[in-house]
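Each remark here refers to the structure printed beneath this line.
Only a predicted model underlies this, so the values are computations on that prediction, with no experimental measurement involved. Chain identifiers are assigned alphabetically (A, B, ...) following the order of the sequence lines, protein sequences preceding nucleic acid strands; residue numbering begins at 1 within each chain.
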Protein chains: 2
Amino acid sequence: MKDKQTSKATINEVAAHAGVSKSTVSRYINGKIDAISPGKVKSIKKAIEELNYRPSQMAQGLKVKKSKLIGFLVADITNPFSVATLRGVEEVCDQHGYSIMVCNTDNSPEKEREMLHKLNAHYIEGLIINTTGQNNDVLMDLISQDVSIVLVDRKVPGLKLDAVTTNNREVTSQIVNLMYDKGYSHVGLFTEPITGISPREERASAYTEIALERNAGRIPQIYEVDVKDKAALLQSVKSFLASGGDRGKKAILGNNGLLMLKIISCLYEIGAAIPEDVGIAGFDDTEWYRLIGPGITTIAQPSHEMGKVAMERIVKRLEGDESAPQTIQLEAELVLRHSL
Amino acid sequence: MKDKQTSKATINEVAAHAGVSKSTVSRYINGKIDAISPGKVKSIKKAIEELNYRPSQMAQGLKVKKSKLIGFLVADITNPFSVATLRGVEEVCDQHGYSIMVCNTDNSPEKEREMLHKLNAHYIEGLIINTTGQNNDVLMDLISQDVSIVLVDRKVPGLKLDAVTTNNREVTSQIVNLMYDKGYSHVGLFTEPITGISPREERASAYTEIALERNAGRIPQIYEVDVKDKAALLQSVKSFLASGGDRGKKAILGNNGLLMLKIISCLYEIGAAIPEDVGIAGFDDTEWYRLIGPGITTIAQPSHEMGKVAMERIVKRLEGDESAPQTIQLEAELVLRHSL
DNA sequence: CTGTTAGCGCTTTCAG
DNA sequence: CTGAAAGCGCTAACAG
């Protein structure tokens with residue numbers, strides 16, 4: 001039913017077509033229908049359909065200062081955790097007419113800063129971010145420009161912002177205790193660089209605490225590794241396996257899903273059987289885990305829920321909620337399989 | 001160094017602050033620096049820094065009709081294939097100053113339509129889409145409004161649009177032949193509903209062709225399943241396993257990564273050993289596959305590259321390339337492991 | 001080299 | 001109930 005038009009119809013054309021002023025069309029668009037005479041409503045509706053008109057978000061936005069855009073800034077969208085979160089965010093965005101701009105930072109503060117500026121230029125109304133923690137100044141700028149920010153997963157000390165996290169300490173304690181209960185006397189924590197990243201710090205500290213408590217004599221073994229450096233990781237795994245002679249069963253706790261994948265890869269290469277030669281468990285659950293080896297025991301974070309909750313917080317803020325920033329802590333869940 | 005400002009600085013404020021007209025600031029922003037006296041350049045630069053000014057994409061966009069926004073519309077971003085593609089798209093977007101709006105359709109034509117309208121309202125300049133094929137009219141509208149569209153993975157008959165695909169037929173033939181070569185006499189294809197989705201059609205037809213050729217007596221066995229319906233899938237797998245009595249080795253070809261995951265899950269539940277009881281291979285490669293069972297043989301699509309190429313096409317179009325729409329076919333690669 | 005002016009598509013008083 | 005007019009932040013002639 002649509003005519004071949006060369007470019008978008010504007011409100012003016014609709015107005016002309018319908019024989020009314022653009023104010024009236026604007027009213028129509030904005031739902032103030034019962035303030036318009038029925039006859040005009042009909043002709044406007046008709047005109048809109050015939051011209052296949054859609055109001056321009058840009059023009060609307062420029063006028064009312066609302067872009068209907070939400071930024072989603074993560075280290076790496078390739079990470080299943082991030083994708084699941086994104087879906088959660090999207091779910092509530094759809095309900096409220098927002099669209100999502102996704103950006104990756106690759107954990108680089110510079111790239112993060114750049115992306116933040118880009119998002120800012122687009123007048124995003126909200127931002128959900130898994131931050132490097134190195135761009136607090138830009139974040140503050142955004143705040144002062146009225147964009148609502150919610151931190152997911154990673155909190156930033158000194159930044160009083162809404163945040164959605166999981167009970168990292170608890171769940172880490174749980175799993176480390178489980179390891180000791182199962183007779184693993186050497187448990188090593190493999191993690192990406194800890195400093196400044198709150199969940200890593202929380203997990204490392206919980207690990208250390210339990211390790212100290214349960215195995216008084218032994219120094220907790222934390223391996224800070226670079227997921228990207230396969231060779232180095234292999235070395236670390238080997239060195240852990242060789243540590244402490246042959247006494248005692250060994251288990252690895254992996255700090256995130258991607259790292260787990262790489263570690264398990266190393267184990268395969270080395271030819272270490274799970275759980276006979278090493279036990280393993282770690283954060284982030286995916287459907288694959290049950291299919292690998294004996295099934296990998298994991299800590300499932302409610303990532304989809306986290307995204308949802310984060311975005312809901314933003315919606316609230318955008319609706320005018322001015323209450324003090326809050327940290328919403330969701331519960332991660334232990335998924336017991338047979339790798340321990 | 002930034003003052004506490006309550007909202008974004010505008011070009012007017014910068015102009016005032018620098019003691020020049022906003023045209024000059026505009027010139028500065030747009031890089032026409034050597035058309036401005038050095039003194040003013042300095043003061044503008046200073047003003048911009050002090051006010052922490054970023055030009056509004058919305059205002060710029062409204063004026064020049066360029067949003068710098070690219071839509072990325074996929075069935076499900078949760079699918080590893082989609083994420084990898086997204087990263088490819090992003091890579092070239094970054095290089096050219098574009099931002100990406102991601103939307104999921106869940107394979108629903110209605111949702112796709114809705115998303116398309118939403119993206120349209122945001123004046124996206126380009127669209128990369130994995131389409132349901134049911135909204136060609138909207139796609140045509142977009143075209144007529146000068147948005148550059150590239151289809152990824154799925155072509156649409158009758159729509160002359162740029163497309164980026166893989167050599168589905170070839171690679172399917174290859175793997176099916178390999179199956180027969182390895183002595184599997186019953187090979188079944190598991191796929192989501194085929195009709196209207198080009199890669200599925202191509203794969204199914206290549207499969208059928210080879211199956212007919214290599215195993216004259218037997219009717220090709222195609223199972224069209226719903227990935228979401230676990231129970232039904234389990235039934236299909238069982239029925240395939242039970243088919244044709246006990247004569248001959250059986251192998252499953254899975255049409256995409258997600259489906260493969262579900263099928264392998266079923267196999268585990270049934271207790272069928274890979275490859276002793278059933279061989280299996282399928283599309284889409286992820287790092288997990290090497291860790292599952294004996295290592296799963298897959299067809300790796302160059303998804304990252306596909307995203308890159310698709311976005312490069314868009315950039316070309318946006319730069320004015322008016323040549324006839326082309327289909328760029330990339331090569332998928334067989335990754336041999338031990339599930340066959 | 002630089003300021004003035006008009007206007008992108010829309011919303012929002014303000015009269016009527 | 002409805003239209004005229006002003007203006008959101010920016011760019012693009014057009015004079016000077």
Side-chain angles (χ1 to χ4, degrees), chain A residues 5-44 47-48 51-69 97 120-125 145-146, chain B residues 5-44 47-48 51-69 97 120-125 145-146:
Chain A
Q5 62 209 74
T6 265
S7 65
K8 283 182 156 50
T10 74
I11 197 173
N12 280 308
E13 304 177 49
V14 175
H17 206 88
V20 301
S21 78
K22 62 176 177 171
S23 319
T24 306
V25 178
S26 175
R27 290 189 186 98
Y28 178 91
I29 294 171
N30 294 298
K32 307 188 201 318
I33 296 189
D34 34 60
I36 309 176
S37 71
K40 304 215 168 180
V41 170
K42 284 191 71 162
S43 58
I44 292 175
I48 288 183
L51 297 171
N52 196 231
Y53 169 72
R54 314 269 156 199
S56 156
Q57 279 285 351
M58 304 190 81
Q60 276 185 177
L62 182 57
K63 187 70 206 177
V64 304
K65 265 107 182 4
K66 295 215 168 331
S67 61
K68 285 296 178 184
L69 253 22
N120 191 16
H122 279 283
Y123 278 53
I124 51 167
E125 293 183 52
Q145 287 164 25
D146 278 330
Chain B
Q5 62 209 73
T6 265
S7 67
K8 281 184 159 51
T10 73
I11 198 173
N12 280 309
E13 304 178 48
V14 175
H17 205 88
V20 301
S21 78
K22 64 175 177 172
S23 320
T24 307
V25 178
S26 176
R27 289 186 188 101
Y28 178 92
I29 295 171
N30 293 299
K32 307 190 202 317
I33 296 188
D34 34 61
I36 310 176
S37 70
K40 305 214 167 181
V41 169
K42 285 191 70 162
S43 58
I44 294 175
I48 288 183
L51 297 170
N52 196 232
Y53 169 72
R54 315 270 155 198
S56 156
Q57 279 286 350
M58 304 189 82
Q60 276 186 179
L62 183 57
K63 186 71 208 177
V64 304
K65 265 109 182 1
K66 293 212 166 337
S67 62
K68 286 297 179 181
L69 254 21
N120 190 16
H122 280 283
Y123 278 52
I124 51 167
E125 293 183 52
Q145 288 165 24
D146 277 330

C:dG3 OP1/OP2 closer than 4.0 Å to side-chain N/O of B:T24: yes

A:S37 side chain near D:dT2 phosphate (N/O to OP1/OP2, under 4.0 Å): yes

Please report the interatomic distance [atom1]([X]) to [atom2]([Y]), rounded to the nearest 0.5 Å.
X: B:L69; Y: A:L69; atom1: CG; atom2: CG; result: 6.0 Å
X: A:M58; Y: A:H122; atom1: CE; atom2: NE2; result: 8.0 Å
X: B:I11; Y: B:I44; atom1: CD1; atom2: CD1; result: 9.0 Å
X: B:R27; Y: B:T24; atom1: CZ; atom2: OG1; result: 5.0 Å

Take atom [atom1] of [X] and atom [atom2] of [N], then tell me their distance rounded to the nearest Å.
X: A:L51; N: C:dG9; atom1: CG; atom2: P; answer: 14 Å
X: A:Y28; N: C:dG9; atom1: OH; atom2: C1'; answer: 18 Å
X: A:K32; N: D:dG3; atom1: NZ; atom2: P; answer: 16 Å
X: B:K40; N: C:dC1; atom1: NZ; atom2: C1'; answer: 8 Å

Between protein and nucleic acid, restricted to nucleotides 7-10 of chain D and to nitrogen or oxygen atoms under 3.5 Å apart, what atom pairs and distances do you find?
unit_1	atom_1	unit_2	atom_2	d
D:dG7	N2	A:K63	NZ	2.8
D:dG7	N3	A:K63	NZ	2.9
D:dG9	OP1	A:K65	NZ	3.1
D:dG9	N2	B:A59	O	3.4
D:dC10	OP1	B:Y53	OH	2.5
D:dC10	OP1	B:S56	N	3.0
D:dC10	OP2	B:I11	N	2.2
D:dC10	OP2	B:Y53	OH	3.4
D:dC10	N4	B:K22	NZ	2.2

Side chains of B:Y28 and B:I48 in contact at under 4.5 Å (non-hydrogen atoms): yes

Side-chain heavy-atom pair A:K65, A:D146 within 4.5 angstrom cut-off: no

Where do [X] and [Y] come nearest, in terms of heavy atoms and distance?
X: A:Q145; Y: B:K8; result: OE1-NZ, 2.9 Å
X: B:A15; Y: B:S21; result: CB-C, 3.8 Å
X: B:A121; Y: A:P55; result: CB-O, 3.8 Å
X: A:A18; Y: A:A47; result: CB-CB, 3.9 Å

Flag, side chain of B:E125 to backbone of B:S67, donor-acceptor distance under 3.5 Å: yes

Overall bend - the helix from C:dC1-D:dG16 to C:dG16-D:dC1, comparing terminal axes fitted on five pairs, nearest 10 degrees: 40°

Distances for protein N or O near nucleotides 13-16 of chain D N or O, under 3.5 Å:
none

